Amino acid sequence: MRETGLERISPETGEVEMMNPEDLLCRVRVVLSHPSHPGNIGAAARAMKVMGLSHLVLVNPQRFPDEEATARATGAADLLERAAVCSTLDEALAGTIHAVALTARRRDLGPPALWPREAAAGLLDQAAAGEVALVFGNETVGLSNEEVQRCQAAVSIPTDPDFSSLNLGSAVQVLCYEARLAAYAGQRLPSPRGATPNVSRPATHEEVEGFYGHLEEVMIATRFLDPAKPKRLLPKLRRLFGKARLEIDEVNILRGILAATQAPPRD
Ligand code: SAH
């Protein structure tokens, strides 16, 4: 085991161990949502491979596979061959425990906005516990608000305010570079998480989405939420729980409370 890298808790012994930075980087998937230009897919693959990332996921690419993607990937065509193609962001994020949305625009009520460096450090910390994702949007319209709200952090790459949109491949390069820096950030002291008994594993994307669905159902049934006038309640709740980095035990407790409101009274 290497001296640098982030710590992880051994599932067998519960001890804090240092993780190899390259193993951590393998847990970072890059998700491109609705990319229009195959050249950008190739450029993203190359940007990933030079930084040691290998897991590319495409949500509804307009053209893929495509010769232009392969040409722009140069030595990274293997990433394109192994790329997963799915039809929704939920599918792309299945199994992840933390996702960061890349957006040039400020969003109302999205997850907390971070600097790339800060977000990459958080992402690599989370990678010690499971799969994580960087999510990029379409070249013209970017990510939708719904997509951004499915992530726990949002990042804008600082730019000239009058010209803030990077080419998709370039945006992927900046974040993959930051991920690499974070992975090699040096030996860190074991986190308090390692010393805390009884913590459960982080909840996966689908477990957290299952909780939101359940919460919405109960809020509608109790008339707390009027589906005809939802206002901004759901995005606000997503933001709240997104900051909490829910563990599976916590999701189960919250869902248990919701289920109790749905159960018939005991007597
Ligand atoms: N016109 C679009 C930008 C699309 S660029 C918009 O306003 O959102 C394609 C993708 O690259 C974006 O969806 C985002 O994921 C990423 N990107 C480009 N510039 C960025 C920046 N300054 N900060 C964060 N992400 C950026």
Side-chain angles (χ1 to χ4, degrees), residues 28-51 53 55-64 66 68-69 72-73 76 79-80 83-93 96 98-124 126 131-182 205 235 238-239 242:
V28 182
R29 64 178 84 156
V30 169
V31 178
L32 305 184
S33 179
H34 299 81
S36 322
H37 302 297
N40 285 335
I41 302 178
R46 182 173 182 180
M48 290 168 65
K49 188 163 174 174
V50 287
M51 294 300 156
L53 281 73
H55 191 173
L56 176 62
V57 185
L58 306 171
V59 182
N60 280 329
Q62 205 170 83
R63 278 167 42 202
F64 188 79
D66 190 278
E68 206 182 324
R72 288 285 298 279
L79 263 69
L80 297 180
V85 178
C86 23
S87 52
T88 63
L89 183 59
D90 280 332
E91 255 180 83
L93 294 181
T96 59
H98 187 72
V100 175
L102 270 290
T103 164
R105 284 173 288 138
R106 272 200 72 83
R107 312 285 178 138
D108 245 18
L109 271 182
L114 304 175
W115 290 95
R117 196 148 294 178
E118 214 182 340
L123 192 78
L124 269 291
Q126 294 287 315
E131 292 269 320
V132 296
L134 289 167
V135 182
F136 297 83
N138 168 271
E139 293 88 335
T140 314
V141 296
L143 290 169
S144 69
N145 284 336
E146 290 68 29
E147 286 177 314
V148 174
Q149 285 166 15
R150 284 176 141 61
C151 300
Q152 290 75 37
V155 168
S156 289
I157 300 166
T159 57
D160 183 317
D162 296 330
F163 192 56
S164 64
S165 181
L166 279 81
N167 162 269
L168 176 56
S170 307
V172 171
Q173 186 71 80
V174 170
L175 265 291
C176 291
Y177 170 67
E178 289 295 339
R180 189 163 190 86
L181 281 189
H205 175 72
R238 279 177 176 273
R239 188 177 153 87

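Every value quoted in this text rests on a predicted model; they were computed, and no experiment measured them. Here, residue 1 is the first one in the sequence, and each next residue gets the next number. Order of appearance sets the numbers: ligands from 1, and atoms from 1 within every ligand.
Neither the backbone nor the side chain of Asn167 has a heavy atom within less than 4.0 Å of ligand 1. The backbone of Glu139, and not its side chain, has at least one atom closer than 4.0 Å to an atom of ligand 1 (non-hydrogen atoms only; backbone = N, CA, C, O).
When every heavy atom of Phe64 is checked against every heavy atom of Ala83, the shortest pair comes out as CZ-CB, 4.2 Å. Nearest heavy atoms, Ser87 versus Asn60: O-ND2, 3.1 Å. When every heavy atom of Gln149 is checked against every heavy atom of Pro235, the shortest pair comes out as NE2-CB, 3.5 Å. Heavy atoms only, all atoms of each residue included: Ile41 and Pro61 are closest at CD1-CB, 4.1 Å. For Ala120 against Ala179, the heavy-atom pair with the smallest separation is CB-N, 3.9 Å.
Under the 4.5 Å side-chain criterion, counting only non-hydrogen atoms from C-beta, Asn138 is not in contact with Ser33. In this structure the side chain of Val135 never reaches within 4.5 angstrom of the side chain of Glu147, judged on heavy atoms.
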Test Leu134 against Val172 for side-chain contact (heavy atoms from CB on, under 4.5 Å), laying out the working first.
CA-CA 9 Å; Leu134 289 167; Val172 171; over 6 Å; no
Stepwise, does the side-chain contact (heavy atoms from CB on, under 4.5 Å) test hold for Arg46 with Gln173?
CA-CA 9 Å; Arg46 182 173 182 180; Gln173 186 71 80; over 6 Å; no
Walk me through it: do Arg180 and Val50 pass the test side-chain contact (heavy atoms from CB on, under 4.5 Å)?
CA-CA 10 Å; Arg180 189 163 190 86; Val50 287; over 6 Å; no
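Every N/O-N/O distance between Phe136 and ligand 1 stays at or above 3.5 Å. The shortest N/O to N/O separation between Leu102 and ligand 1 falls below 3.5 Å. Between Ser164 and ligand 1, a contact under 3.5 Å exists for at least one N or O pair. Checked against a 3.5 angstrom limit, the closest N/O atoms of Thr140 and ligand 1 fall inside it. For Val135, no nitrogen or oxygen atom sits less than 3.5 Å from a nitrogen or oxygen atom of ligand 1, counting backbone and side chain alike.
Residue-ligand proximity, Thr159 to ligand 1, at heavy-atom distances under 4.0 Å covers atoms 22 (N). Close approach of ligand 1 to Ser165 is summarised as follows: ligand atoms under 4.0 Å from at least one heavy atom of the residue are 3 (C), 4 (C), 5 (S), 19 (N). Set against the non-hydrogen atoms of Val155, the atoms of ligand 1 under 4.0 Å away are 24 (C). Atoms of ligand 1 found under 4.0 Å from any heavy atom of Ser156 (numbered from 1 in listed order, with element): 23 (N), 24 (C).
Remark: minimum distance from atom 19 (N) of ligand 1 to any protein heavy atom is reached at Leu166 N, 2.9 Å. At the top of the distance list for atom 23 (N) of ligand 1, counting protein heavy atoms only, stands Ile157 N, 2.8 Å. If you check which protein heavy atom lies closest to atom 6 (C) of ligand 1, you get Arg105 NE, 3.5 Å. Ranking the protein heavy atoms by distance from atom 12 (C) of ligand 1 puts Gly137 N, 3.8 Å first. The protein atom (non-hydrogen) at minimum distance from atom 16 (C) of ligand 1 is Ala171 CB, 3.7 Å. Given atom 20 (C) of ligand 1, the protein heavy atom at minimum distance is Ala104 CB, 3.7 Å.
For Ser156 (side chain) and Thr103 (main-chain N/O), a donor-acceptor pair under 3.5 Å exists by modelled atom type.
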